[in-house]
Colleague: 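Handing you a structure now.
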Amino acid sequence: MLTCRDNTQLQNRTANRIFYLPFTRLPFTIPAMRRAIYPGSFDPVTNGHLDIIERTCKLFDEIIIGILVNPEKQPFFSIEERHDMLTQVLQEINRGSCEVRVDSFQGLLVNYAVAQQAHAIVRGIRAISDYEYELQMALMNRRLEPSIETVFMMSAESYTYVSSRLVKEVFQLGGVLDGLVPPLIEKRMREKMNNR
Ligand code: PNS
C-alpha cells in the first residue's frame, strides 16, 4: 500500500490503479476491468443462455456476447437477426453494473478474445455430455493462447436440458416453448416460419 498522501497522485500498477479521494485523503483501489467473452451460435438465444449471462455478470465488469459467424452452417436466424434478438432480450435481464454487449466474430475464438482484450472465455455446462467437448475446446484454446482462461458456469437445473437445437426441433414440430426462450424469441421464430 502506498503511503503518499498527495491528492493529485495517480499511481499506475500492473493490475490496479490507486486513486486518492480529495476530501478524505484515503486511497482507494480501482481494480482493472475484467472483460469476458461469452461465445456461441445463439441460434436462437435460450433462457439457459440468459441465465448464464445474468450470473456471469456477477463475476465480470463487461461481457461480450460473441456470435460465431460460421459459413459452414445453415442457421435458422441470420447473424443480424441473432444480434438484434440478443440485444433486445438482454434489456430484460439483471446485469447489475456489468456492461453487456453483442458482437460477432469469425475464425479462432482465442484470436477474437485477444483482439477484444478479454481475460476469459465463458462457457455454460449443462450435463456430463457437454463436459468432454468443452474440456477439449478449453484445452485447445489454452494451448493456442495461454493468457486467456476458460470459465465454466454450471447451468441452472431448470435449463440443463435446454439447447438451441432442441428448441428449434420442438418449435418446428409444433411444441410449446414457454419457459425455454423469451416470448420475443418465440414470436420471431413464428414470424420467420410464416415468411418462409
Ligand atoms: O454455441 P456453440 O455452437 O456450442 O458455440 C461453439 C463455439 C462458437 C464456442 C465454438 O465453435 C468456437 O469457439 N468456434 C470458433 C472457432 C474456434 O476457435 N475453434 C477452435 C476451438 S478449440
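Atoms within each ligand, like the ligands themselves, are counted from 1 in listed order. For the single chain, residues carry numbers from 1 onward in sequence order.
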Colleague: Among all the protein's non-hydrogen atoms, which is closest to atom 1 (O) of ligand 1, and how far away is it?
Modeller: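 Looking only at protein heavy atoms, the one closest to atom 1 (O) of ligand 1 is Ser41 N, 3.0 Å.
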Colleague: Would you say the side-chain atoms of Arg101 pair up with the backbone N or O of Thr87, donor to acceptor, closer than 3.5 Å?
Modeller: no
Colleague: In the protein, what heavy atom is nearest to atom 14 (N) of ligand 1, and what distance, to one decimal place, separates them?
Modeller: Leu68 CD2, 3.8 Å
Colleague: Closer than 4.0 Å to some heavy atom of Met140 - which atoms of ligand 1 meet that?
Modeller: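 Near Met140, the atoms of ligand 1 are 22 (S).
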Colleague: Hey, are the side chains of His49 and Tyr38 touching, using non-hydrogen atoms and a 4.5 Å cut-off?
Modeller: yes
Colleague: Rounded to the nearest 0.5 Å, how far does CG of Leu180 lie from CG of Asn47?
Modeller: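 Those atoms lie 7.0 Å apart.
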Colleague: Is any side-chain heavy atom of Leu139 closer than 4.5 Å to one of Arg143?
Modeller: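 In short, these two side chains do not touch, never coming nearer than 4.5 Å.
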Colleague: For atom 10 (C) of ligand 1, what is the nearest protein heavy atom, given as residue, atom name and distance?
Modeller: Met137 SD, 3.9 Å
Colleague: Among Asn141, Leu139, Thr150, whose heavy atom sits nearest atom 21 (C) of ligand 1?
Modeller: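 Residue with the shortest heavy-atom distance to the ligand atom: Asn141.
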Colleague: Indicate yes or no: does an N/O atom of Leu109 lie under 3.5 Å from an N/O atom of ligand 1?
Modeller: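 Leu109 vs ligand 1: N/O contact under 3.5 Å present.
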Colleague: Any side-chain heavy atom of Met137 sitting closer than 4.5 Å to one from Ile121?
Modeller: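 When only atoms from C-beta onward are counted, Ile121 and Met137 do not touch, as no gap falls below 4.5 Å.
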Colleague: Among all protein heavy atoms, pick the one closest to atom 15 (C) of ligand 1 and tell me residue, atom and distance.
Modeller: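 The answer is Gly107 O, 3.5 Å.
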Colleague: Which residue and atom name correspond to the protein heavy atom nearest atom 20 (C) of ligand 1, and how close is it?
Modeller: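 Looking at atom 20 (C) of ligand 1, the protein heavy atom closest to it is Leu108 CD2, 4.0 Å.
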Colleague: Does Arg123 reach ligand 1 with a nitrogen or oxygen that is under 3.5 Å from one of the ligand's nitrogen or oxygen atoms?
Modeller: yes
Colleague: Could you check whether any side-chain N or O of Glu62 sits under 3.5 Å from a backbone N or O of Arg35, counting only pairs where one atom can act as donor and the other as acceptor?
Modeller: no
Colleague: Please examine the side chains of Asp84 and Glu80, heavy atoms only from C-beta on, and report whether any two atoms are closer than 4.5 Å.
Modeller: no
